[in-house]
Amino acid sequence: MKLIRRLFGQQAPETPSSLPSTESPEAAEDSALLKETQPLSQSAQPVVQTRRLTPPKSYSSTNRRVRVGAASDIGGRGNNEDAALTLITNTEVTGNPPPVGIFMVADGMGGHQNGEFASSITVRTVAQAIIREVIMPQLEERDMNSADQKTIPEVLAEAMSAANTAVQLEVPGGGTTATCAVIRADLAYVAHVGDSRAYLITDGNLELITRDHLLVRRLQELGQLTAQEADAHPQRNVLYRAIGQSDTLEVDAATRRLPPSSRLLLCSDGLWGVIGDKRINEIVAKYPDPQEACDQLVAAANDDNGPDNITVVLVQMPD
Amino acid sequence: MGQPSDTRHIEDNQGALSVPDGTLQPGQVLQSRYRILGIIGLGGMGAVYQARDLHFPNVTRLCAVKEMINMAQDQKLREQTIRNFEREAEILATLNHPAIPQIYDYFSFGDRAYLVLEFIQGRDLEALLNSTDGFLPVEQIREWGIEICEVLDYLHNHQPEPIVFRDMKPSNVMIDHHRRVRLIDFGIAKMFQIGQAGTMIGTEGYSPPEQYKGIASPAADIYALGATLHHMLTKRDPRLEPPFSFDQRAIKEYNPNVSDVLASVIMRSLNYDPEQRYASADAMKQSLEATGTTPAVASGVPNALGSPGASVPVAAALPVVANRPASTPSDAGIGNITPIWAFQAEDAIRSTPIVVDDTVYVGSYDNNLWALDAKDGELRWKFATEGGIGASPVYHNGTVYIGSSDQRMYALDARAGRRRWSHKTEGKIFTTPAVTMGTLYFGSDDGRLYALKSTPTSAREVWTYSIMVPLRSSPVVEDDLLFFGSDGGEFLCVDLSGEMKWRFQTRRRIMSTPLVREHIVYVGSDDWYLYALDIEQGYPIWRYRTRGAVISSPTFADGKIFFGSADGNIYAVDALSGRDEWKYEVNHPVTSSPTVHREAVYIGAVDGAVYALHSRTGDLLWRFQSQRPILSSPRVANDVVYIGSDDCHLYALQA
């Protein structure tokens, strides 16, 4: 049955009546019962426990797809300790599984090469888990609509925790931020630790959707420091939470609906700390192509003599 | 400004555990007097050694030798470092308190300076905490807290100027072999490191927020003592938590042995605002002492209800409602509030009342659908079915619809209670119909979902959708789609022509009625989860695990989803992420479904109480106690909460 469906797609003889009764032990019994009690013109559906396969949507233009741009630059440092990853599955197959995307930025820290190891291990570990637990089940046509399937927030939380363990084991002197967004259909699931950021850009408005785990920001939230004091504080770069720093890791989680044509921007502090929200928004608005926007953002930070690595990922939602 | 010594900079982490070059070896003798026996600890600036004082050859006099290796490159910084170390020595030399180690000697040569101190036999609190399974005795921690207050008070009253300890934390408090508190590591010589480039990791742990303005006052020591006691009692290490977040970790949540008063003393010392903490260590000491003399029940804590003594036995206050079928139970409704009226049916009321045009409609297991005056509970009419009513009525266009365990769905004239029509199914009906465009949708225990076209005088079956297992989850209609669960654990999305769009399989039966909000459908399952499913395709967006069946139907307000669980809690979670907002512990199963009205969540529980909770915080606003479990769900109209109870009453309570 599966093979036929794969070979012939919608042409497979797949009317409910032709389904083997093994599909649902209740089906035969059910339709017998329906005959008795259904004097109705519009008869009830027999129980079909598979999801109906609707014909694939065709993507007439690129604006029907999720698109992405990404750039990472060494900036004003000796090495690039940032890491990034983008992956989109725009599948055009029967059943119309929703597009799934993985987008990540990680900013490593620690002496020698520890920073870049920490950020890379984190990006790899998290992406592997999402591919294994979210994308593969979808491609294998496993029943996604079941309590046996983990939800994306659960997968993300486990993935970040696995990254935390991996960094502790493999890079004892290192740590990293991690901002990861998994997009399925129009929902973005964001997991976040550290001071990299995720912004949602809708109709020209830039909205920060992550919280910096910076000590001075926390003090600012408590009203103990003003914004100016925080920005000038000698410890303004001190994080109070990062991957690889303790056995238990608390991860911020947020879920946002992404409106049509909106953009999701992930970046390291080498971008936002140098050019600021206003200019980020201006540049993104100016360049409709997400890759070009990313290149221009990095260029702007370099033009301002940004002292740190600069990494940016920009997701463009379909119209 | 004090640099907390537990701040970790990743750059410094490497090799921190290995013994640095130049560390003194056992057997080495300093000043021809102190023979090094071994290392006690390693600090940022050098080691602390155990040594023997050779001036007393006939007895073993032990001492602690604290070493400071000046590694500062900058000349000014070098001098500053030495001055600070000398200052620590000088201060210690002037102190005389049993909890403060005595200083015996101070000397320096080359890059190194040494303090010779009394050797304290014992363990520090951090080591003690880490080696204890479970909690240390609360009383013991309280006594240590009092002793620390005494020594802090001594330091803070030092003349000519107060001494601020600045580094109160478990590892700086020793418990000696007499089980007395001793402060170690007078962390005065700590230098503030500046000019570090790049992102770093640091945790603040025990220090107060004002240190970031460079303020070190006695109030800082009080905060740090509070943080130390918090850590000792909860076993939650503040260095692993967001800075200054003690108020997010209620002590009793981790350690139920701690009294409310003791917890409130500690939380006061942890106030962000130094002015709001105890004015002195002595004041804190007195409060800690007072916690021992009062019983563990809340006494110093303000009553969350604001009006202690407001509970009045309701029998005295219950208005007598005319035409009630039976008398008021003599001691019903004990709680913080008294009902506006109570109506007694002849059997349990589990049905959710509805209020339309000053009339309350509710079903009862006494077979009747009751129509009562919403103002005073006076009987308007009743309609007797042939079975108990557990389902809830629905009003539509002058008609009240109600399902009964006599297997029929009834349509009644809302004014007079006359039957317009009834429709027989093959099973008991416990679901509440969804009505849209003149069609009624409801499930029956016969395993079918019915679509009935309703006219004023008759009903016609349009279709039925069979799933062979009883349906107890009431359908809801949204965007021309029907959503309902089954006793087989299946959750279904069916369009209005009876065609399945998608399904989602939970692990146990679904009794909960779904809620649709902004393209997400929420439903509880007996498998302990509340699910949030995508409305288009049914895949899970998130799920929230409780520790009991979620029979309660979720409700939405202000971005939050509210529901109860058989695990004895009422939950508020973020609607889009499923993140915890708050949880209220009832300690009895909650199968009733919440309703939200003006920032208050109303819900019943099996303990027989109706709870009114603040929707933002989960704080208890009031509680009303009925005689029997409450399985009915509240409805609010004109600021009155209507809810039934298994004690046979329908209560009208002021919202």
Side-chain angles (χ1 to χ4, degrees), chain A residues 26 29-30 33-34 37-38 40 42-45 47-49 51 98 107 109-111 114 143-147 149 151-153 172-175 177 184-185 187 195 213 215-216 218-219 222-225 233-235 237-242 245-246 248 250 253-257 269 307-308, chain B residues 7-8 10-11 13-14 192 194-204 209-210 212-213 240 242-244 272 426 448 461-468 489 494 497-507 518-519 525 527 529 531 533-534 536-543 576-579:
Chain A
E26 293 156 2
E29 211 181 327
D30 187 46
L33 189 135
L34 285 170
T37 57
Q38 288 289 301
L40 310 165
Q42 195 170 8
S43 73
Q45 293 292 303
V47 175
V48 182
Q49 302 286 21
R51 203 167 349 136
D107 172 0
M109 61 210 83
N114 284 339
D143 187 2
M144 305 296 283
N145 289 8
S146 159
Q149 200 69 48
T151 65
I152 292 177
T177 73
R184 181 166 63 186
L187 282 177
D195 70 344
H213 297 135
L215 188 58
V216 290
R218 173 93 182 128
L219 285 157
L222 297 175
Q224 298 292 325
L225 288 181
H233 202 279
Q235 283 176 291
N237 289 330
V238 175
L239 293 176
Y240 61 84
R241 218 189 268 167
Q245 291 304 300
S246 71
T248 55
E250 202 187 324
T255 305
R256 296 297 296 257
R257 208 173 277 284
D269 64 341
D308 207 350
Chain B
T7 298
R8 288 177 298 154
I10 283 192
E11 273 79 11
N13 261 4
Q14 287 190 315
F192 190 63
I194 49 166
Q196 289 263 15
T199 310
M200 298 174 288
I201 308 292
T203 46
E204 294 323 294
E210 70 266 20
Y212 284 86
K213 291 179 179 166
L240 303 177
F244 324 117
Y272 301 142
E426 304 294 319
R448 271 172 284 181
E461 252 179 49
V462 183
W463 50 258
T464 64
Y465 185 95
S466 180
I467 54 165
M468 306 301 292
V494 173
S497 64
E499 190 177 339
M500 185 175 79
K501 294 274 289 177
W502 54 259
R503 49 173 283 282
F504 181 87
Q505 186 66 47
T506 75
R507 294 200 178 98
E518 299 190 346
H519 303 286
S525 165
D527 70 7
Y529 282 98
Y531 292 90
L533 308 174
D534 174 72
E536 298 285 340
Q537 297 192 305
Y539 51 74
I541 288 167
W542 53 262
R543 58 181 172 179
L576 202 49
S577 68
R579 198 182 53 236

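Throughout, protein chains are lettered first and strands after them, A, B, ... in sequence-line order, and every chain is numbered starting at 1. Given the structure is predicted, the values throughout are model-derived calculations rather than measurements.
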Check: [Y] and [X] side chains under 4.5 Å, non-hydrogen atoms:
X	Y	value
A:Asn145	B:Leu533	no
A:Gln149	B:Tyr539	no
B:Val494	B:Trp463	yes
A:Arg184	A:Met144	yes

Toward chain B, the part of A:Pro98 with a non-hydrogen atom under 4.5 Å: both
Structural part of [X] lying under 4.5 Å from a heavy atom of chain A:
X	answer
B:Ile541	both
B:Asp527	side chain
B:Glu536	neither
B:Arg579	side chain

Sidechain-backbone polar pair: B:Arg543 side chain, A:Ala147 backbone, donor-acceptor under 3.5 Å: yes
